[in-house]
Amino acid sequence: MSIIRIAIDGPSGAGKSTLAQAAADALGCIYVDTGAIYRTIGLHVWKCGLDPANTEGIVRELPHLQIELHYDNGQQRMVLNGQDVTEEIRLPEVSQYTSSAAAIPAVRAYLLEMQRELAKTHSVVMDGRDIGTVVLPDAEVKIFLTASAQARAQRRMLELERRGTPQPYEKVLREIEERDWRDSHRSAAPLQQAADAVRLDTTALNFQESLDALLKIVQERGKAHEAI
Ligand code: DC
């Protein structure tokens, strides 16, 4: 089997990470969660006390960042300047800082090569917002994974509860809608479906149904490219 690159894009809370990780495990690929890489920058911006609107200040910080991806039993871990920040980047405060930092072209350019490098030597399932459109435009399989904002808010709420940081539904929904708007209206690599991506709407699907549907798309598309 030759290298296969599976790009999964879609809005926050569509279940990309969990599904992409499960698909990578099933296919024997590396899973690259690019949102976690952006979150690492968002965490740094937050910790520095920078205003998320301070574009110049954020760009000035980039040379001081050393971001590494480590794999522990197939699980991606984020290391920032030598410190494991895998859990910290999930704090709700980090999300808004990340979304602002991700809209800055210099931040995106800074991370582009790192993401492409990872897909050069390994078969990957890579998820994010611009993987099929910008990072890996020639990926063998592209999937646009989505679900209604309400379904995504519901899932996110359950996830926050599990993590011990519960939030009210209305607040979660509002934040998701705000983030959707920012991620899809920014001028630098906005969230959009690649012309050659298969759309998978998981609003009415449970986890197993979503995974089955995703693997079916990979089989069909991968075969067409003789990658599987
Ligand atoms: O997938 P996530 O919610 O962990 O992503 C966090 C933020 O990073 C989100 O606001 C979108 C942004 N992001 C991006 O702009 N491009 C990517 N490839 C991945 C994430």
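As the structure lists them, so they are numbered: ligands from 1, and atoms in each ligand from 1.
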Subset of ligand 1 atoms that lie under 4.0 Å from at least one heavy atom of Ser99: 10 (O)
Expected output: side-chain Arg5 to main-chain Asp138 donor-acceptor under 3.5 Å: yes
Test side-chain contact (heavy atoms from CB on, under 4.5 Å) applied to Thr202 and Leu145, Leu211, Thr146, the passing residue: Leu145
Arg108 near ligand 1 by a heavy-atom separation under 4.0 Å: yes
Close-contact set for ligand 1 against Ala102 heavy atoms, below 4.0 Å: 12 (C), 15 (O)
Nitrogen or oxygen of Arg39 less than 3.5 angstrom from that of ligand 1: yes
Tyr31-Asp25 side chain donor-acceptor pair, cut-off 3.5 Å: no
Short N or O distance, Thr34 and ligand 1, threshold 3.5 Å exclusive: yes
Per-atom contacts of ligand 1 with Gly128, taking only distances under 4.0 Å to non-hydrogen atoms: 17 (C), 18 (N), 19 (C)
Sub-4.0 Å atoms of ligand 1 with respect to non-hydrogen atoms of Asp183: 9 (C), 10 (O), 11 (C)
N/O separation below 3.5 Å, Asp130 to ligand 1: yes
Closest protein heavy atom (residue, atom, distance) for atom 8 (O) of ligand 1: Thr98 CG2, 3.5 Å
Donor-acceptor contact present, side-chain Asp9 to main-chain Asp130, <3.5 Å: yes
Short N or O distance, Arg186 and ligand 1, threshold 3.5 Å exclusive: yes
Salt-bridge present (Asp72, Arg77; N to O < 4.0 Å): no
Met126 contact mode with ligand 1 (heavy-atom cut-off under 4.0 Å): neither
Arg156-Gln167 side chain donor-acceptor pair, cut-off 3.5 Å: no
Close side-chain approach of Ile89 and Trp46, heavy atoms under 4.5 Å: no
Atom 1 (O) of ligand 1: the protein heavy-atom neighbour that sits closest, reported with distance to 0.1 Å: Arg129 NH1, 3.0 Å
Candidate list Arg174, Arg152, Arg186, test salt bridge (charged side-chain N to carboxylate O under 4.0 Å, His left out), partner Asp180, passing option: Arg152
Distance-only N or O hit between ligand 1 and Ser95, under 3.5 Å: no
